[in-house]
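Just so we're clear, the structure is a prediction, and the values are computed from it rather than from any experiment.
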Amino acid sequence: MLGERYEARLALLSSDPTRDRDAELARSRQELFAAGRECLYLGLPTVGSHTAAVLRQAARQGFLGDPLLVIGPEALIAYGLAAGSRIGQAFPAGAPLELLDGPEDADTAAFDVLMTFCGGPYWASRGRAGPVRNPAGHEVRLHRPDLGAEPEGAEWLLGGQTVARVVVSVEGIPAQIVAPEPRTFALRKLWLARRTGRDPADRERDARDGATLLEALAAGMPGFPLHEGFAGTLPGPLREVFDRWQARRQHPAPSSAQDLDVPSSFVAAPRT
């Protein structure tokens, strides 16, 4: 219901500006806010106010999903809504919004255009990956694989079937999240959990989030089967992670915790 109302409002906002649409916009706004308050009442996951504002502007400008994808913890909210479960942990309301852009397109420069419209404004450096901040201190981080910037393996998240879900801010105002292909996202999380030199807390979080998301997928998240046809499309490093994860599910009692990709407490036993 919330998603349908959100899409209807976006269509209304992009309709012919010469026709009288004030009454329609006012009614649409009231309906969206009512649905948002219901989401808060139900205790559904929320995103921060500034994050929601950036996402709404990206959707209005047609940048969300193509080319910009959400790759931070907000992506887990979208996956959880798609799977009908809660995935990931709560994160601070002031957490940075992480966006992934494809190879830079000089004709659109979507991220730079977006940042000029968002409240603050945000201070961006054209064509360069990295964080930008508004006067309130909210940070948006852009990642472009073609510029060789962090995070590692970001290029694996490009392409594939995305997941789009409408969420609400802490005030109950709707915004849309478009996240990368969830199977690849989860496997990359487990791959990151094995990378030495990273903060131990980040590695543990990646391990937990990746394992939890894969279990949700294995339980039957619509449209994303974990079969050989999918595995055969994976880049080498992710195929190795996938094979190890499958082996651990089939044999959940390894001889040594060191054999695991992640701490043993994060490896779920197969469902019976």
Side-chain angles (χ1 to χ4, degrees), residues 1-66 68-99 110 114-115 117-122 134-140 161-180 182 213 216 221-223:
M1 181 68 74
L2 178 63
E4 293 175 358
R5 290 176 176 172
Y6 187 82
E7 292 293 338
R9 182 168 176 82
L10 284 180
L12 184 60
L13 288 170
S14 61
S15 63
D16 183 2
T18 62
R19 71 182 181 89
D20 185 9
R21 49 184 187 171
D22 290 347
E24 292 179 85
L25 285 170
R27 183 173 61 253
S28 171
R29 180 183 177 87
Q30 291 176 352
E31 291 175 347
L32 272 178
F33 282 10
R37 288 193 296 271
E38 184 175 349
C39 290
L40 292 180
Y41 176 78
L42 294 173
L44 296 180
T46 60
V47 298
S49 304
H50 294 289
T51 288
V54 174
L55 292 175
R56 283 194 297 272
Q57 187 62 44
R60 288 190 63 177
Q61 292 182 239
F63 294 150
L64 195 59
D66 183 13
L68 300 178
L69 295 172
V70 178
I71 62 170
E74 296 87 0
L76 295 167
I77 297 178
Y79 298 142
L81 292 173
S85 62
R86 288 182 180 269
I87 299 174
Q89 292 183 312
F91 54 95
L97 172 62
E98 295 193 60
L99 298 173
L114 171 63
M115 290 296 94
F117 278 88
C118 289
Y122 287 77
N134 69 0
H138 179 251
E139 185 174 291
V140 180
Q161 181 180 345
T162 59
V163 170
R165 288 294 184 276
V166 177
V167 300
V168 294
S169 69
V170 292
E171 299 87 5
I173 303 175
Q176 188 179 48
I177 294 171
V178 181
L213 178 52
M221 186 172 169

Candidate pair Arg56 and Ile173, rule side-chain contact (heavy atoms from CB on, under 4.5 Å), full reasoning: CA-CA 10 Å; Arg56 283 194 297 272; Ile173 303 175; 3.2 Å; yes
Under the side chain to side chain contact (heavy atoms under 4.5 Å, CB included) rule, collect the residues that match up with Gln161, sequence neighbours excluded.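 Checked Gln161 against side chain to side chain contact (heavy atoms under 4.5 Å, CB included); matches are Phe224.
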For a side-chain contact (heavy atoms from CB on, under 4.5 Å) check, start with the C-alpha distance between Asn134 and His50, then their side-chain angles and the critical distance, and finish with the verdict. CA-CA 9 Å; Asn134 69 0; His50 294 289; 3.4 Å; yes
Do [X] and [Y] have side-chain heavy atoms sitting under 4.5 Å apart?
| X | Y | result |
| --- | --- | --- |
| Ile77 | Val47 | yes |
| Gln176 | Leu64 | yes |
| Pro96 | Val140 | no |
| Thr46 | Leu40 | yes |

Measuring from [X]:[atom1] to [Y]:[atom2], what's the distance to the nearest 0.5 Å?
| X | Y | atom1 | atom2 | result |
| --- | --- | --- | --- | --- |
| Leu81 | Arg86 | CG | CZ | 9.0 Å |
| Tyr79 | Met221 | OH | CE | 7.5 Å |
| Leu213 | Ser85 | CG | OG | 8.5 Å |

So if I apply the side-chain contact (heavy atoms from CB on, under 4.5 Å) rule between Val178 and each of Val163, Leu69, Leu55, Asp66, which one comes out positive? Leu69
Of the options Val170, Ile177, Leu97, Val70, which is the one that meets Thr51 in a side-chain contact (heavy atoms from CB on, under 4.5 Å)? Leu97
Where Ala75 and Ala179 come nearest, the two heavy atoms and their spacing: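 Closest pair (atom of Ala75, atom of Ala179, distance): CB-CB, 3.7 Å.
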Which residues pass the side chain to side chain donor-acceptor pair (under 3.5 Å) test with Ser169, not counting sequence neighbours?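 If we apply the side chain to side chain donor-acceptor pair (under 3.5 Å) test to Ser169, skipping adjacent residues, the hits are Glu171.
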Are the side chain of Arg37 and the backbone of Gly172 linked by a donor-acceptor contact shorter than 3.5 Å?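 No.
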